[in-house]
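Start at 1 and go down the list; that is how both ligands and their atoms are numbered.
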Amino acid sequence: MRLQVMKFGGSSVATPERMALVASKIKKFHQEVGRTVVVVSAMGDTTDRLLQLAREFCTASRHREIDQLVATGEQQSTALLAMALEREGLKAQSLSGALVGIKARGPYTDGRINGIDPKNVINILEDGAIPVVAGFQAVNEKGDIVTLGRGGSDLSAVALAAALDAEKCCIFTDVAGIYTADPRMVPAARKLEKISYEECMEMASMGAKVMQARSVELAERYDVPVYVASSFSEERGTWIVREDVKENFLVKAVASDTNVAKVALLGVPDVPGMAAEVFQALSSGGVSAEMIIQSVMRGQINDIAFLVKKESLGDAIDICRDIARKIKAQGVAFDTEIGKVSIIGAGITSHPEVPARMFAALASEGINLDMISSTALSITCVVGAKDVEKAAKTLHKVFIEEGK
Ligand code: ADP
Ligand code: ASP
Ligand code: MG
């Protein structure tokens, strides 16, 4: 019998009314496909609210009790959705991350899946029922709950689809698919019929929050076809698949992210081992840095600048101040009033006119570039927070609407 995984995000189950609509959608799919595993996120902004509550008492970001707390969000939504499915006349059973057999290691709040034993899910399926799985959560070797990073229900869904050899993983959300830019920010954004794993992963890591980047990476590794569509309409969505080999270049999408802050270590002595000290300390503190840039400023000293997620800024500043004293750097500066905007497309680096056109488009709007970086699939500029939306609209117009 065919098997599919259906994942519903927080806004899709934010109210009892929406949950009832989701239950009737599941019923329809279940009748068509035969076996269905449902993965669900916490209702609405529950995770944000719980994290805010945690901050009343705890400043550490990788703390056991934070995971104990935030996991209750998914616990609520799974139980409620199972009840809503029963009301639809279906057999359903809710399962926590532990009961579903998802194991993880690594730090609390940012665990990495290292195995799935889906026997409970298989038993429920064999009983003709629908397992309703709490996304975002797993257990570590001690039996503690560990969550899988923000947006981690996408990862739970893809991991289960891989472990159960499902024919597809459907991600149902509050937009009708993956667009050429965030449709809430860029009204001219167009829905894509399909996108390659690698481009989607790049979009996600550049801030397009429609899919968690790690989930797309896992989908590619295990060849899970992912379909992203609306929870509430029948509109055709977007397939994330392995794309045919072709050489023609296209800017596929524009992404932006304002959940970042810049940290700079100023006047770092220009001797071997300094960057190693800084990033070793950040890594030990569980702080991920991106867009790392070092420039030779004056004489024998450098500045090292990088971006962190806003929620890691406090930790990053404390760590950098300690290290600055140790390595005799001149100081630490930070800026929260920034954001990044990226263009994404396979083959970007083999087209030298692309960065030139990108920077010219931003300059023509009077937007100042604070940092610039590129990968094989994208070019990213850091700009003032107030300019992010204008920058995204401008780049979308130049590279996608005008198709240049
Ligand atoms: P869920 O709660 O279903 O997981 P998310 O809020 O995590 O939903 O992701 C959906 C949101 O992603 C949309 O509401 C949209 O604003 C945002 N988004 C950002 N970039 C894109 C894009 N390129 N295409 C579609 N949605 C995007
Ligand atoms: N509820 C979690 C979060 O808000 C997981 C998810 O929604 O995917 O990050
Ligand atoms: Mg999400």
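Under the 3.5 Å distance criterion, with hydrogens and angles disregarded, a donor-acceptor pair is assigned to the side chains of E199 and S196. A donor-acceptor contact under 3.5 angstrom links the side chains of T180 and H396, judged on distance only.
When all heavy atoms are compared, the tightest approach of V388 to S256 is CG1-CB, 3.7 Å. For the residue pair I323 and E277, the shortest heavy atom distance occurs at CD1-O, 3.8 Å.
With sequence neighbours left out, the ring pair (Phe, Tyr, Trp, His ring centres under 6.0 Å) criterion links F334 to no other residue.
Remark: of the listed residues T109, D110, T47, V70, T47 is the sole one forming a side chain to side chain contact (heavy atoms under 4.5 Å, CB included) with R150.
Protein residues with a heavy atom closer than 4.0 Å to ligand 1 are K7, G9, G10, S11, T173, D174, V175, G177, I178, Y179, A181, D182, P183, R184, M203, A208, K209, V210, listed by chain and number.
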Ligand 2 polar-atom proximity to protein (N/O, under 3.5 Å):
unit_1	atom_1	unit_2	atom_2	d
ligand 2	1 (N)	T47	OG1	2.8
ligand 2	1 (N)	E74	OE2	2.7
ligand 2	4 (O)	T47	OG1	3.4
ligand 2	4 (O)	R150	NH2	2.8
ligand 2	7 (O)	S41	OG	3.2
ligand 2	8 (O)	G151	O	3.4
ligand 2	8 (O)	G152	N	3.4
ligand 2	8 (O)	S153	N	3.0
ligand 2	8 (O)	S153	OG	3.1
ligand 2	9 (O)	R150	NE	2.7
ligand 2	9 (O)	R150	NH2	3.4
ligand 2	9 (O)	G151	N	2.9

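With salt bridges taken as basic N to acidic carboxylate O contacts below 4.0 Å, one links K309 and D257.
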What side-chain donor-acceptor pairs closer than 3.5 Å can you find for residues 79-96, not counting sequence neighbours?
unit_1	atom_1	unit_2	atom_2	d
K91	NZ	D127	O	3.1
S96	OG	A98	N	3.4
S96	OG	L99	N	3.2

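If you look at F232 and F8, their ring centroids are not closer than 6.0 Å.
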